[in-house]
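Quantities reported herein were computed from a predicted structural model and do not represent experimental measurements. First the proteins, then the strands, lettered A, B, ... as listed; each starts at 1.
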Number of protein chains: 2
Amino acid sequence: MSEQERRPFVSARTVAERAGVSRSAVSRTFTDGASVSEETRRKVLEAASELGYHVNHLARGLRERSNIVCLVVADMTTPIRARLVDVLTRKLQAAGKVIMIINTGTDEESVASALRQTLNYRADATVVLSGTPSAKLIETSLANGQQVVLINRDDPLTGCHNLSVDNEMGGREAFFLLRRAGCKRLALVTSTASTASLLERERVFVEVAKEAGMDVTVMAAGPTNYASGYESARRLFGRSDGPDGVFCVTDLLALGFMDAARHEFGLSLPGDLCLVGFDDIDEGDWQSYKLTTFAQPFAAMGDHLVELLGQTVPAETGRRIFEPIPIWRKSVRPSAE
Amino acid sequence: MSEQERRPFVSARTVAERAGVSRSAVSRTFTDGASVSEETRRKVLEAASELGYHVNHLARGLRERSNIVCLVVADMTTPIRARLVDVLTRKLQAAGKVIMIINTGTDEESVASALRQTLNYRADATVVLSGTPSAKLIETSLANGQQVVLINRDDPLTGCHNLSVDNEMGGREAFFLLRRAGCKRLALVTSTASTASLLERERVFVEVAKEAGMDVTVMAAGPTNYASGYESARRLFGRSDGPDGVFCVTDLLALGFMDAARHEFGLSLPGDLCLVGFDDIDEGDWQSYKLTTFAQPFAAMGDHLVELLGQTVPAETGRRIFEPIPIWRKSVRPSAE
DNA sequence: ATGACGCTTGCACACAAGTGCATTTGCATC
DNA sequence: GATGCAAATGCACTTGTGTGCAAGCGTCAT
């Protein structure tokens, strides 16, 4: 007992001995299309079931692809991230992949160590949902035959696939929503985490507003969360002339913003203030909020991801843009024509 | 090109050839405490870095433990689940484990197939956060030397560790909170998903109330989510005498309940209605809610989990109960002595 | 009866690591 | 310079698979 310690995982050899056949027979029994007689197949399956045998995919992964896909993610508790992880894991599993998750920080060193682990486990592909790996790390992954997919990371990196929601369209449409609602004093609320996605939404919103001859006050009070949105509203409405039309680059920011506007300043929506978010998290549909926003088409992105990984010959890399879907609720006045 | 297809993962042999040493030397370089001269170590590291070599943990896992821990979970998008997954992945990673996630349904067949996959990948341990595996499946896992840990699944299954929040205390304290607030007409809101945890909270709450001579209306309108809480409130306040003290077995239910009470029936909290939740999700602290609730001590549970898995000799199995932490906010009147 | 053909089956090798054991090397001491 | 000792190194075996190759066996047609 003290000698064998703990290696009780039953292997194909044990099954073979019990079934009175060769180990090859066991292997073939569990391989589709291999040549085994009905008789030995039966014996093998019986012995396997008695012993509780399960094929060792680690060993199998030594020869062929491992079927492991690594998800690198930070801020998993954020509703939008949780949903993305949920959708992707479901779709990947359905496609026969196994998901290894690496919960990391967004700083470069954390991502780097995550990438290295991905290689240690011979993952077929790495999907990065947060943070941005260095170009060198990606090169190493590619050199090892691994696919790299970035989701909603707009940084231009060669050699990897890039799935992203159309942030440009988001920023533009958000502006038009507010203008159609007749808003005069615009503000944009973002976070101090300068993600490329968020920056893009901000850039386009401000740009389009400027083209239309309108100024935009930009506010960033902290990380991308409820509290920062709340604080942004306090600062904006603490001034003499607060905005009457606001685009929060994230729903979470928007909900915090809305709560502060209502509870601290007694504003009502969409009367005194029109508010647009981005992401379409569940909470935005709650009765206390009913936030008008844009949904990220995660299902479509997941399908595309599966398609990419399914190809034996790696597809051409590049960007693939997905249109956000406008979700009309009650935080913006209907068009005041 | 068509012949070698894609197996470009660089192995120790390639590194050895490049460095002009034996493969053993490479292996030893990456093994702590192995005997290698400074000279060859340098050569190996240099070659490894040039080729982008990473030790294959799959192959390593053939001989010793794989260091893989499987997380079986459903409803990942639920805030409380997302946080649990987040905490556990962080703690396990910090302890050198690698996390494989299986996003499954709660039905027995889904869980069974998840458990099988766990075995396929020789995970050292399986941690079940949702659903309940059959006793037979658990037996197979144990027979294969795998540890099984159930979290917040109160079902009595032998051979596996059981970490759980103290639901009994939750139900009891919830009642006392409401009684101290002077509530007369009690109700309990739960879901139609009869999880052992939820049933336990319900059972104790009703029992303690009965001992104190108070009746409890029990309401379950659907799955454990916001919408069910909302619907429960509509039904309860649609009657002649709605409750003035409610325990929702989940924060998500509580938030939906609160929104309906306020927006559909114009009730104010804690004046007309006292409300207690359970879980302490972030949303409960938002300005629109400020829900009084009980926090699940996930950090402590994670620490204990790591401790369990760290032991070379599997610890004695059994239940370990963690006390929930009362979170005072504004949905319950302060004690009316 | 014999050869052809097809289905099974086992051997042996490959995959990528770690490690016990024996051998070689290097260095210091007598 | 020979001897002793420790450090370094390489061989070969181990882990659990999948599979090419060749041998074995049975059936059928000539």
Enquirer: What nucleic acid atoms does R41(A) come within less than 4.0 Å of, heavy atoms only: base, sugar-phosphate, or nothing?
Expert: nothing
Enquirer: Between L129(B) and R153(B), is any pair of side-chain heavy atoms under 4.5 Å apart?
Expert: no
Enquirer: May I ask you to say whether E109(A) pairs ionically with R116(A), meaning some side-chain N is under 4.0 Å from a carboxylate O?
Expert: yes
Enquirer: At under 4.0 Å, does any side-chain N or O of S37(A) touch on OP1 or OP2 of dC7(C)?
Expert: no
Enquirer: Starting from the C-alpha separation in whole Å, work towards a yes-or-no answer on salt bridge (Lys or Arg N to Asp or Glu O under 4.0 Å) for E46(A) and R42(A).
Expert: CA-CA 6 Å; E46(A) 193 178 314; R42(A) 195 189 48 72; 3.3 Å; yes
Enquirer: Using atom CZ of R13(B) as one end and atom P of dA16(C) as the other, report the distance to the nearest whole Å.
Expert: 7 Å
Enquirer: Whole Å only: how far is the CG atom of L58(A) from the P atom of dG18(D)?
Expert: 12 Å
Enquirer: Is it possible for you to check whether R320(A) lies under 6.0 Å from the centre of the six-membered ring of F322(A), through NZ or CZ, and within 45° of that ring's axis?
Expert: yes
Enquirer: List in numerical order all residues of residues 46-57 of chain A for which some heavy atom is under 4.0 Å away from an atom belonging to DNA chain D.
Expert: Y53(A), H54(A), V55(A), N56(A)
Enquirer: Has N144(B) got a side-chain atom pairing as donor or acceptor with Q146(B)'s backbone, closer than 3.5 angstrom?
Expert: no
Enquirer: When the distance from CZ of F9(B) to P of dA14(C) is rounded to whole Å, what number comes out?
Expert: 22 Å
Enquirer: Hey, is the main chain of I321(A) close enough, under 3.5 Å, to the side chain of S164(A) for a donor-acceptor pair?
Expert: no
Enquirer: In whole angstrom, what separates E38(B)'s CD from dA8(D)'s P?
Expert: 9 Å
Enquirer: Are the side chain of N103(B) and the backbone of A74(B) linked by a donor-acceptor contact shorter than 3.5 Å?
Expert: no
Enquirer: Consider the side chain of R63(A), meaning its heavy atoms from C-beta on, and name the nucleotide among dA17(C), dT9(D), dA14(C) that approaches it most closely.
Expert: dA14(C)
Enquirer: Taking atom CZ of R319(B) as the centre, report whether more than 12 heavy atoms of other residues, nucleotides or ligands fall under 6.0 Å from it.
Expert: yes
Enquirer: Would you kindly give the CZ-to-P distance between R60(A) and dA17(C), to the nearest whole Å?
Expert: 20 Å
Enquirer: Please confirm whether the backbone N or O of I80(A) pairs with a side-chain atom of T78(A), one donor and one acceptor, at under 3.5 Å?
Expert: no
Enquirer: Let's see if you get this right: which residues in residues 14-36 of chain A place a heavy atom under 4.0 Å from DNA chain D?
Expert: R23(A), S24(A), S27(A), R28(A), T31(A)
Enquirer: For the pair made of CZ in R42(B) and P in dT9(D), what is the distance, rounded to whole Å?
Expert: 12 Å
